[in-house]
Amino acid sequence: MVLLTRKIEFAASHLYHNPNLSAAENRRIFGKCNNPHGHGHNYTLEVTVEGEPDPVTGMVLDLKALKEILEREIMQRMDHRHLNYEVAELAGKIPTCENIATVIWQLLEPKITQGRLHRVRLYESPDLFADCYRDGANGAVKS
Amino acid sequence: MSDALKIALGRRYRFSASHRLHSSRLSEEENYRVFGKCNNPHGHGHNYVVEVSVSGDVDPSTGMIANLADLDAFVERQVLEEFDHKSLNEDVPAFLDKVPTTENLCIEVYRRLKSFPHAKLERIRVQETGNNSFEYVGDNLEGDRS
């Protein structure tokens, strides 16, 4: 099996706020991420697809096809958007790295029909990221 | 396609420390042959990057596996306070009789963080320089590591 990873970047704003909690609890749990006017990040998304190279093309999947899927499903939905208010799949969820990575997995998994989605890694900053993968696959990516 | 999904949170931390690769079980010549310039008696240092991955259920009320403030405080107390700006050979008890290679450092960091109470420790990756890094997954090696 070969793993193929494509990286994209998008910029978006968000804030962490749970309406079921008091203002004081929101501040205690979410800290400065609870600022009511939000803040933003340059997100980096790494999408890893697993599969066997096609004997004719030598490809696990056509990178152009993957690029188009990422453009349509992720960039158009999330780039230069407010994740709390403009991304339907995140409505009612706190837009943490964990939740955004899970939504991205759910959006991409049915669209990737050559090979199979192996891992989604979403960086909110170089020092913070979330991985989403099948239980048992251990998130391992050969680098 | 209905496999259960796993979500892991990854966080990077940094510390700077010195070390010397030297085994008391080898002769001077053998130490130099095995460890080369890393055997220099006065040691040398690195800016280490430690990547900590924890997994668990995402709490629907917070959207989080674990609160970053809790993870940061735990790593600070268990690892960074005792490793940063220290000599690994002389200041960290585990390395008094163990060569402080980055392999062993990975295992020691894993051992110190395994008891994190709010999520399951999945993996420790330690980068010694921009060109080499090491990973330890403890007994989490079920399934396909590809």
Side-chain angles (χ1 to χ4, degrees), chain A residues 1-3 14 16-21 25-26 28-34 48 50 83-84 90 92-103 105-106 109-110 112-113 116-143, chain B residues 1-15 48-73 75-76 80 118-125 127 130-146:
Chain A
M1 187 172 77
V2 176
L3 302 178
H14 72 171
Y16 293 173
H17 182 82
N18 183 336
N20 300 318
L21 301 176
E25 281 175 308
N26 269 295
R28 183 181 58 78
I29 295 169
F30 299 125
K32 61 187 177 182
C33 298
N34 185 232
T48 301
E50 64 184 42
L83 299 175
N84 297 67
L90 283 166
K93 292 181 180 149
I94 316 281
T96 56
C97 244
E98 292 96 314
N99 275 338
I100 304 167
T102 306
V103 163
W105 175 283
Q106 288 161 347
E109 205 271 337
I112 292 172
T113 51
R116 175 167 101 134
L117 185 58
H118 178 85
R119 190 183 78 174
V120 162
R121 173 173 282 191
L122 180 70
Y123 287 89
E124 181 183 284
S125 76
D127 291 338
L128 177 65
F129 59 87
D131 284 333
C132 188
Y133 50 96
R134 282 183 194 82
D135 202 357
N138 225 344
V141 173
K142 257 192 173 137
S143 51
Chain B
M1 291 295 165
S2 58
D3 310 75
L5 284 186
K6 194 157 195 171
I7 315 294
L9 180 71
R11 181 80 153 150
R12 282 183 188 155
Y13 303 91
R14 290 171 178 75
F15 70 88
Y48 290 95
V49 179
V50 176
E51 194 177 287
V52 177
S53 289
V54 297
S55 69
D57 294 330
V58 177
D59 179 342
S61 71
T62 63
M64 299 172 179
I65 292 171
N67 198 308
L68 274 184
D70 292 335
L71 183 61
D72 289 353
V75 174
E76 179 69 32
L80 304 181
H118 305 292
K120 178 173 184 279
L121 183 62
E122 280 288 321
R123 186 170 67 236
I124 296 296
R125 178 169 166 268
Q127 192 176 302
N131 294 330
N132 60 38
S133 66
F134 302 82
E135 287 185 40
Y136 186 64
V137 298
D139 53 8
N140 292 327
L141 248 184
E142 84 276 4
D144 175 19
R145 281 269 298 158
S146 316

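Residue numbers start from 1 in every chain, and the chains themselves are labelled A, B, ... in the order their sequence lines are given, proteins ahead of strands.
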inquiry  = Counting heavy-atom pairs closer than 4.5 Å to chain B, which one of Asp127(A), Val2(A), Leu128(A), Thr96(A) comes out on top?
reply    = Asp127(A)
note = Scored by heavy-atom pairs under 4.5 Å with chain A, the best of Val58(B), Leu68(B), Thr62(B), Val49(B) is Thr62(B)
task = Drop me the distance from Ile65(B)'s CD1 to Glu98(A)'s CD, to the nearest 0.5 angstrom.
result = 4.5 Å
task = Kindly give the heavy-atom pair with the smallest separation between Ile94(A) and Gly63(B), and that separation in Å.
result = CG1-N, 3.9 Å
message = Looking at Ser61(B), is its backbone amide N or carbonyl O close enough to the side chain of Asn18(A) to form a donor-acceptor pair, meaning the two atoms are under 3.5 Å apart?
response = yes
ask   = Quick check: are there more than 12 heavy atoms from other residues, nucleotides or ligands sitting under 6.0 Å from CG of Asp57(B)?
value = no
ask   = To the nearest 0.5 Å, what is the distance between CE (Met64(B)) and CD1 (Ile29(A))?
value = 8.0 Å
request  = Nearest 0.5 Å please: distance from the CD atom of Glu51(B) over to the CZ atom of Phe129(A).
outcome  = 3.5 Å
message = To the closest 0.5 Å, what do you measure between CD (Glu124(A)) and CZ (Arg11(B))?
response = 8.5 Å
task = Would you mind checking which part of Pro126(A) comes under 4.5 Å of any heavy atom in chain B, side chain (CB onward), backbone (N, CA, C, O), both or neither?
result = backbone
query = Do the side chains of Arg123(B) and Asp131(A) get nearer than 4.5 Å, heavy atoms only?
reply = yes
